[in-house]
Amino acid sequence: MGALWSGRFKKDMDSMVKEFNASIGFDQRMYNEDIDGSIAHVSMLAKQGIVTDEEAETIIAGLEKIRAGIADGSITFNVEDEDIHMGIESRLIEEVGDVGKKLHTARSRNDQCQVDARLYLKKEIRNMISELTELEEVILAKAEKYKDALTVGFTHIQHAQPVTIGFIFMAYFQMFRRDIERLEDTLSRMDLCPLGACALAGTTFDTDRHMTAEQLGFSAPTENAMDSVSDRDYMIEFLSDASISMMHTSRWAEEFVWWNSSEFSYIELDDSFCTGSSIMPQKKNPDMAELLRGKCGRVYGDLMQLLTVMKGTPLAYNKDFQEDKEGLFDAVDTWKASVAIFARMLENTEFRMDKIEPRLKEGFLNATDIAEHMASSGIPFREAHNIVGRMVQCCEEKGCQFEDLTDEDLSAIDSRINREMLGDVSIRACVDSRDSFGGTAPHEVERQIKAGRDWMNTLL
Ligand code: ARG
C-alpha cells in the first residue's frame, strides 16, 4: 500500500522526494501529544454519534497500545510513514483493522500538527518556567550571601560607582523574572485548540470543538479555521522569549568570562565547569560561559529562520510550515540546557574578595558621592560635579586618592570646600548611603530579595 493519501496517484513517490518530504525524523518527538489529540478527537466523534462508542473504545485501546509500543521501542517509524500523524494512523489500522480508518473523520493533518505542536509547547513552556525558577532560586541565595560584599560597578567597562555583588545578582534576577512573565503571557495567548479546523475551512460533520478543547486542557477552541492551520505566531513568540532570555544568559556569561580573566580575577570558576588546552598545560578556560554566549546566536538563528519561513506564505496551509519544527525543538533543547548549566555554574562560583578589594581604590568610585555630599551642603550639583572633576585632575597629577588631598589642595580648587565637606568618602559608606528605592545599599538589596521571593511564591 502507498501513502494514506495515495488514491489519486498513478506512481509512487521518487525515493529522494520521500526523504526530502518526510518530517517523521523529527516530529516523532510529539507522539504523545498526537495520541492525546486523537483520543480526544475520537471521544468527541463518539459523543456526537459520528462513530459508535464501541468503535471509539477500540480505537482508543489501539492508540494506547501504540503509545506503549513507541515508549518501549517496539514500534519504530521510517521514511515511509512520512510524518508522525500518518505513522500512528497506519500503525492503528494495522493494530485494530478497518475501524482505525474512521479516526481521521472530520480532521486534517493541518489541524492535527498544530494540536500536537501547541500541546508540546505548552508542556515545554511549563518545563522552561521551572528551569528559570530554579535559576532564580540560585540567584536569590547568592544575592543573600553577597548582599554586603563590595565590588566595582561599571559603565563603558570603566570604574563607575561601588555596588554590592548581591545588587548585581538582583539585576539579573529581574531579567529572568521578565523571561518567566513573558512565557506566562505567551502561554495564555496560545492556549486555544485548533483541533477540528480541519484542512482550512471546518467540516460538514456535526463536531464539538469545545469538547475536544476542554479534554485537551485548552481554554477554548480557536476562532477561525483558516487562521488555526496557518498560525505560527505562538511559535515565533516562544522563539522570541527564548532569544531574549538567551541574550540574558549570554550577557551574564560574558561577565563571567571577564570576571574569570587573569586581569580581573574576581572569580575563580570551579574546575568542573572549565576545560584545559591540548597544548598549553597551564590553561583553565571558561568554556561553559563562552559556550553559553555562543548558544545564544544559535537560538537567534532559530527565531530568524521561522520568521523568514513565514514571511511569504499565503493562507492557508503551505508545506513550508513543516520547517517550523526543527528550529523550535532546537531552541527548546538549547534554552533548557543553557539555563540549567548556568544555574549550576552560578551555584559553584564564589567571589575572590581579596582580589576585588584593592580594585575598589582605583578609578575614583566615590566621586559621585562626594559631589552629592557637597550638593547637600548647598553647592548646586552642577558646580559640585565640576569641583570634583577638578579634584580628580589634582589627584591624577599628585598620584593620590581623594582622601589624600589636603585642605590647601581643596581650597585651591574652590574656596568653598575643605576636607570636612567631602563627607565619609569610604566605599562602604558610599554603598550604605545609596539607599534610594532600587539602590545598592545592603538593606535595600535585602528588600529586593524579599520582593523577589514574594513574587516567586506567587508562581507555585
Ligand atoms: N508533516 C506536516 C507538517 O509538519 C503535517 C501537515 C501536512 N499537511 C499537508 N497538507 N501536507 O507540516
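In listed order, ligands and their atoms are each counted from 1. Note that the structure is a prediction, hence the values are computed from the model and not measured.
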Considering only NZ, NE, NH1 and NH2 on the basic side and carboxylate oxygens on the acidic side, decide whether [X] and [Y] come within less than 4.0 Å.
| X | Y | value |
| --- | --- | --- |
| Arg109 | Asp34 | no |
| Glu444 | Arg447 | yes |
| Glu237 | Arg182 | no |
| Glu82 | Lys319 | yes |
| Arg118 | Asp191 | no |
| Lys101 | Glu89 | no |

Could you tell me, atom by atom, which parts of ligand 1 come under 4.0 Å of a heavy atom of [X]?
| X | answer |
| --- | --- |
| Arg109 | 6 (C), 7 (C), 9 (C), 11 (N) |
| Asp83 | 1 (N), 2 (C), 5 (C) |
| Ser23 | 1 (N) |
| Gln322 | 1 (N), 2 (C), 3 (C), 4 (O), 12 (O) |
| Lys325 | 3 (C), 4 (O), 12 (O) |

Closest approach of any protein heavy atom to atom 8 (N) of ligand 1, naming residue and atom: Asn110 OD1, 2.9 Å
Gln112 heavy atom under 4.0 Å from ligand 1: no
Geometric N/O contact His85 with ligand 1, under 3.5 angstrom: no
Ring geometry between Phe342 and Trp252 (parallel below 30°, tilted from 30 to 60°, perpendicular above 60°): tilted
Trp5, Tyr317, Phe26: member with heavy atom nearest to atom 3 (C) of ligand 1: Tyr317
